[in-house]
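Because only heavy atoms are used, hydrogens play no part in the values below, and waters and symmetry mates are left out as well, while side chains stay in. Every chain is numbered from 1 and lettered A, B, ... according to where its sequence line falls, protein lines coming before strand lines.
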Protein chains: 2
Amino acid sequence: MKRIKVSNNVIRRLPRYLRKLDELKACGVSRISSFNLGTQLGLTPSQIRQDFSCFGEFGQQGYGYNVSALRDEIASILGMDRGFKAVLIGVGNIGRALMDNFCFSEWGFELAAAFDIDPAVVGTSPNGVPVRSMDELLDFLRGNRIDVAVLTVPKEAAIAVAKLLCDNGINAIWNFTNVELTEPNSPTIVENVHFSDSLLSLGYYVAERYDEEAAHAARLARSEKGKD
Amino acid sequence: MKRIKVSNNVIRRLPRYLRKLDELKACGVSRISSFNLGTQLGLTPSQIRQDFSCFGEFGQQGYGYNVSALRDEIASILGMDRGFKAVLIGVGNIGRALMDNFCFSEWGFELAAAFDIDPAVVGTSPNGVPVRSMDELLDFLRGNRIDVAVLTVPKEAAIAVAKLLCDNGINAIWNFTNVELTEPNSPTIVENVHFSDSLLSLGYYVAERYDEEAAHAARLARSEKGKD
DNA sequence: GTTATATTGAGAAAAGAATCACAATCGCTC
DNA sequence: GAGCGATTGTGATTCTTTTCTCAATATAAC
């Protein structure tokens, strides 16, 4: 697989392609054209072809793409076949909800263990994943090759825990805290899930639409008045 | 406030600005320059000034921006002062976790009610929000001006429920299901929270880093061999 | 007051991303 | 097996976003 520098925009679209291809496969569709895929995803055919071409040639002229083969290529590009191992830090509400409901293995990740300071949850094993004491974290990281930490601690603890993780060999954090972890010069890969950012963006679009509708109504009212 | 067409990229940065400004305000910082803000967020000063200039002139030459005033401007741009009302559909694990932990009011939203088909949760009021039967949903939507629906139903039900919502006056959906809701020609505003997409993107970056490290190590090994 | 320093806002330039257009070529039909 | 219709991959073009640059101007010091 080529590893040229690929733009973030392309990378953000890859999981959507994967999801759609899985769906098509489940529906028994075995081949698809960039045109057809574009229609289903709201993207242009050329964008899709351009995206794929960053990683190789997966299609056939006059035919399109083989759904199953393309799906596997994208899965591989995303590292789903590498068996990444993860730990989860902070078994509070969101951490617990992830452990109970998010299927890490479906996406190629193995959740090896969770950690918390609360003795009430330490020793339990939600969904088969053991919850250990934070005291054991460093030993665990030393003894296991862990690729990713899922950060679900309260925001007060976020910075300190993130630093601890980075200092002990973790180089990627899936950050669910509402805190900006991105530090200048830090080599750590941080992927944020900021619910509030998402909701606020939605708020912007709603506000924009309401303003447009109001402006439209005002124009109508003026033109009605003009007629009288 | 101007409502010119603003790019998505800008809009996605606004919540980050807001968060950082709130933090600065809490730390007693009352003024800040675009240079300083850029350093803290990993953005260039000119990008920050350009972003703000989409909405007006909030700074003062030679001085910078007033943290509190800027924060309020951005909050207003995002519609936080409009009292948007929301309903939540699907009080399963993720729905319940949001009700219990996500502070809608902190972001200017009011969660008016939740809906579910399960009689076991109907009638309860997690965090003070009443859970009603899905049978009551349409009446509720008719009787209340609801701006946003939070969609946390199982993925099998996602499409049908989304359609029901759109057909009954909801024009914005905060989508937590792992399903592509974006329909061609639909005027509904959809904001997706796809955990798996986020994790897979992270996986890409991790895989990329590992490949780079391996390539680097291979280069080193070759040059060592050359020396012998 | 006057001057020095800091910093914005905005137009111009550069960089980056999306779209277009078409040669190459594959599968399918007759 | 020849010709047709479909569809890719890619280089060229267009559009968008980011960065650069600098005149304008506010504060702060003296």
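When the C1' atom of C:dT7 is taken as reference, atom CG of B:L70 falls 14 Å away, rounded to whole Å. As a whole-Å value, the separation of A:I48 CD1 from C:dA17 C1' is 15 Å. Following rounding to the nearest Å, B:L43 (CG) and D:dT18 (P) show an atom-to-atom distance of 9 Å. Computed from coordinates, the A:F52 CZ to C:dT19 C1' distance equals 17 Å when rounded to whole Å. In this structure, B:N36 places its CG atom 14 Å from P of C:dA6, rounding to the nearest Å. The separation between B:I32 atom CD1 and C:dT7 atom P is 11 Å, rounded to whole Å. The distance from atom CZ of A:F35 to atom P of D:dG5 is 18 Å, rounded to the nearest whole Å. Rounded to whole angstrom, the span from the CG atom of A:L37 across to the C1' atom of D:dT7 amounts to 13 Å.
Within the structure, every pair that satisfies the side-chain hydrogen bond (donor to acceptor under 3.5 Å, both in side chains) test and touches residues 152-166 of chain B, not counting sequence neighbours, is listed here: B:K163-B:D167.
Every residue two or more places apart in sequence or in another chain that forms a side-chain contact (heavy atoms from CB on, under 4.5 Å) with B:E23 is listed here: B:K20. For B:N144, there are no side chain to side chain donor-acceptor pair (under 3.5 Å) partners two or more places apart in sequence or in a different chain. Residues forming a side-chain contact (heavy atoms from CB on, under 4.5 Å) with A:Q60 (at least two apart in sequence, or on another chain): A:Y63.
An OP1 or OP2 oxygen of D:dG9 is reached within less than 4.0 angstrom by a side-chain nitrogen or oxygen of A:Y65. The phosphate of D:dT8 has OP1 or OP2 within less than 4.0 Å of a side-chain N or O from A:S34.
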* Structure fact -> The contact string for nucleotides 20-30 of chain D, one letter per nucleotide 5' to 3', using protein heavy atoms under 4.0 Å with B, S and - for base, sugar-phosphate only and none, comes out as BB--BBBSS--
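A donor-acceptor pair is defined here as one N or O able to donate and one able to accept, closer than 3.5 Å; no such pair exists between the side chain of B:N101 and the backbone of A:N93. Side chain of A:S201 to main chain of A:D197: a donor-acceptor pair is present (N/O by atom type, distance under 3.5 Å, no hydrogens or angles).
The pair B:R82-A:D211 meets the salt-bridge criterion, since a charged nitrogen lies less than 4.0 angstrom from a carboxylate oxygen.
A heavy atom lying under 4.0 Å from DNA chain D marks none of the residues of residues 7-27 of chain A.
In summary, the side chains of B:N175 and B:T177 do present a donor paired with an acceptor at a separation below 3.5 Å, with no hydrogens or angles considered.
The aromatic ring centroids of B:F102 and B:W174 lie less than 6.0 Å from each other.
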